[in-house]
S.K.: 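Structure in structure tokens, see below.
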Amino acid sequence: SVESADIIRLMLQFCKENGLYRTLQALQEESRVTLNTVDSLDGLMSDINKGQWDVVLQAVSYLSMPDNVLQDLYVQVILELAEAREIDTAQTLLKETAPMIAMKQDAPERFLRLEALLRKNFFDPREGFDGMPKEKRRSEIAQAMSKHIQVASPSRLLALVGQALKWQQHAGILPPNTRIDVFRGVAADAAEEKEQVPTMIAKTVKFGEKSHPECACFSPDGQYCVSGSVDGFVEVWDYQTAMLRKDLSYQEEGSFMMHEKAVIGIAFSKDSELLATGSQDGQLKVWRVASGQCVRRYDKAHKEGITFISWSKDSTQILTASFDQTARAHGLKSGKTLKEFRGHTSYVNSAVYTRDGAKVVTGSSDGNLIVFDAKTTEQINTITPPPPPHLSSTVNYAVNSALVAPQPPGQYGDSDDALVFVCTRTNVIQMMNLQGQVLKSFTSGRREKGDFVAMTLSPKGEWLYAVAEDHKLYCFSTITGGLENTLKVAEKEVIGLTHHPSRNVVAAHSSDGTLAFLKP
């Protein structure tokens, strides 16, 4: 059974980590339970041995210790302040702190001796520290304190709640991959929206004069929209307000997830906890979004820039595409590159797993798609999407992206195991099976500035959204193939699109320094 005191300690830790110091103090006094834990015992011991007393006293203020241990600590701090001739601060600690007030009653002779030392015009270390080096005294105090302190992992309350929710999702009590209302124990986004095309720019993030977003994505739970920019910043946004998420403490403090070079690839793990980012120099990083902590780093994931990132179904592997003409799979636990998919003769612009995870489909500037066996990396098929009739059939047109259809193929009247939407640098997007057969085409109908540069699909796969060189969003029904709406979304080249996992929100990031959120 769980002790009630342990529950209170979880609450105390939460209060401490979130700066709720008055609440912490009141809860400790009313419950008579003290936290008595630190995030890192080694860190506290190091601070004591280095004499970083401001940090030590702040940490000790939340700990419960025997009077003699606390008094030894405060005496050492007062003596070192006296040695540094910071007499006023030393006098304040002597007369106004609880351990010293207790010493005045319990050990008056020791208190009076300390008081006399502070009145002297000079400080003799031999007299003050009883002939012992102060470093040795620090070490003895650290050892004495360590016997009364426990170490606790940070954010234990949130971690336990998260684990409980995951178990409920695993047990089928709660739906997977949704935002949960913890208090009520239900999915927060239970009401499903009917898919509708965007008709306006609802909100816009404007980047600095010399910056623009190179990539963006929503988390699978719909909580975050994250962008990677040309200056190396990775920023988390509130898509409803187009403001930085200041509820993430690291962003509130002005600290950000970062690369040294431009961030050009980005993707969330399936549980929305981890974010993979890839940069212009071929470096891959994995972050814990809630804390902004980098948990994995692959300095040489590729020889050149990482153009696209996706995750395996179980989020144990990260698939990357690169300018170095390869795609690679990297192990999250091992931190190593596990597989390489070769066969392209130019930049690889996208790499995705099929829905069953058995195959990898890559798209390249060489004009080809290659279907690989995900386990063996063996090439299963090479597909060259046919160009529209008005273009030369002897030229291969770059594949900007290839996306696996999010819904079972039956929706499109086909029995193949996977369907892909292929965006080439032409005015046509094609829906194909993995044998290379074109099942449906979607065209901008324009020969001037009508070539597509990016695309995304709605969560249920009912709508295909694509942006052309004219900076307009083209909205196609995947059922009829018809063009239903267009919308100008930027003043300069649109770099990419991403769709919210459960809401009618499309995000378009552009070289004009904007991240625009489009809504019906």
S.K.: Where the side chain of Thr34 meets the backbone of Leu63, is there a donor-acceptor pair that is under 3.5 Å apart?
M.R.: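 Pair absent, no side-chain N/O of Thr34 close to backbone of Leu63.
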S.K.: Tell me which pairs pass ring-ring contact (aromatic ring centres under 6.0 Å, His included) where either residue lies in residues 10-30, with sequence neighbours left out.
M.R.: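 Residue pairs passing ring-ring contact (aromatic ring centres under 6.0 Å, His included), neighbours aside: Tyr21-Tyr62.
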S.K.: Is the shortest side-chain N to carboxylate O distance from Asp124 to Arg126 below 4.0 Å?
M.R.: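 Salt bridge: yes.
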S.K.: Name each donor-acceptor pair under 3.5 Å that joins a side chain in residues 110-118 to protein atoms two or more places apart or in another chain, with its distance.
M.R.:
unit_1: Arg110; atom_1: NH1; unit_2: Asp72; atom_2: OD1; d: 3.1
unit_1: Arg110; atom_1: NH2; unit_2: Asp72; atom_2: OD1; d: 2.9
unit_1: Arg113; atom_1: NH2; unit_2: Glu127; atom_2: O; d: 2.8
unit_1: Arg113; atom_1: NH2; unit_2: Asp130; atom_2: OD1; d: 3.0

S.K.: Would you call the rings of Phe268 and Tyr224 parallel, tilted or perpendicular, where under 30° means parallel and over 60° means perpendicular?
M.R.: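 Ring orientation of Phe268 relative to Tyr224: parallel.
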S.K.: As a quick check of understanding, evaluate side chain to side chain contact (heavy atoms under 4.5 Å, CB included) for Leu12 and Leu10, giving each step before the final call.
M.R.: CA-CA 5 Å; Leu12 290 171; Leu10 290 172; over 6 Å; no
S.K.: Looking at every non-hydrogen atom in both residues, tell me the closest pair between His499 and Leu457 and how far apart they are.
M.R.: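 Nearest pair, atom of His499 first, then Leu457: CB-O, 3.5 Å.
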S.K.: Are any of the side-chain heavy atoms of Lys285 and Arg296 separated by less than 4.5 Å?
M.R.: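 They are not in side-chain contact.
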S.K.: Does a side chain donor of either Asp231 or Ser211 reach within less than 3.5 Å of an acceptor in the other side chain?
M.R.: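 Yes, a side-chain donor-acceptor pair sits under 3.5 Å.
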S.K.: For a side chain to side chain contact (heavy atoms under 4.5 Å, CB included) check, start with the C-alpha distance between Ser315 and Leu274, then their side-chain angles and the critical distance, and finish with the verdict.
M.R.: CA-CA 9 Å; Ser315 292; Leu274 300 177; over 6 Å; no
S.K.: Say whether Trp53 and Glu80, considering side chains only, have a donor N or O and an acceptor N or O under 3.5 Å apart.
M.R.: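 Short answer, yes.
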S.K.: Checking side-chain polar atoms at under 3.5 Å, does Ser229 have a donor or acceptor matched by the opposite partner on His212?
M.R.: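 Looking only at side-chain atoms, His212 and Ser229 do not form any donor-acceptor pair under 3.5 Å.
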S.K.: Within a reach of under 6.0 Å around CG of Asp247, are more than 12 heavy atoms found that belong to other residues, nucleotides or ligands?
M.R.: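 Enclosed.
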S.K.: Taking atom types as modelled, is there a side-chain donor on Gln283 or His259 under 3.5 Å from an acceptor on the other?
M.R.: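 Distance-only check passes for Gln283 and His259.
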S.K.: Are the aromatic rings of Phe308 and Tyr347 close, with centres under 6.0 Å apart?
M.R.: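 No: the rings miss the under 6.0 Å criterion.
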S.K.: Taking only Lys NZ, Arg NE, NH1 and NH2, and the carboxylate oxygens of Asp or Glu, determine whether Arg245 and Glu235 approach each other closer than 4.0 Å.
M.R.: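 Not counted as a salt bridge, because no side-chain N and carboxylate O are separated by less than 4.0 Å.
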S.K.: Going by distance alone, is a donor N or O of one side chain under 3.5 Å from an acceptor N or O of the other, for Gln13 and Arg156?
M.R.: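 Their side chains do not contain a donor-acceptor pair, so the 3.5 Å distance test is not met.
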S.K.: Can you tell me if NZ on Lys261 sees more than 12 non-hydrogen neighbours from other groups inside 6.0 Å?
M.R.: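 Incorrect, the count does not exceed 12.
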S.K.: Taking ring-ring contact (aromatic ring centres under 6.0 Å, His included) as the test, write out the residues that go with Tyr239, two or more places apart.
M.R.: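 Result, ring-ring contact (aromatic ring centres under 6.0 Å, His included) vs Tyr239: Phe218, His500.
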S.K.: Which residue is it: Leu24, Leu20, Leu27? I am looking for the one with a side chain to side chain contact (heavy atoms under 4.5 Å, CB included) to Met11.
M.R.: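 When Leu24, Leu20, Leu27 are each tested with Met11, the side chain to side chain contact (heavy atoms under 4.5 Å, CB included) holds only for Leu27.
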S.K.: Evaluate ring-ring contact (aromatic ring centres under 6.0 Å, His included) for Phe207 paired with Phe233, printing each intermediate quantity in order.
M.R.: CA-CA 11 Å; Phe207 287 70; Phe233 281 90; 9.7 Å; no
S.K.: Should the heavy atoms of other residues, nucleotides or ligands under 6.0 Å from CZ of Arg85 be counted, would the total exceed 12?
M.R.: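 Atom CZ in Arg85 is crowded, with more than 12 foreign heavy atoms closer than 6.0 Å.
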S.K.: For the residue pair Thr320 and His330, confirm or rule out a side-chain donor-acceptor distance under 3.5 Å.
M.R.: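 Looking only at side-chain atoms, His330 and Thr320 do form a donor-acceptor pair, the distance falling under 3.5 Å.
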S.K.: Please determine if Asp6 and Arg9 form a salt bridge, counting it only when a charged side-chain N lies under 4.0 Å from a carboxylate O.
M.R.: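 Judged by the 4.0 Å cut-off on N to carboxylate O distance, Asp6 and Arg9 do form a salt bridge.
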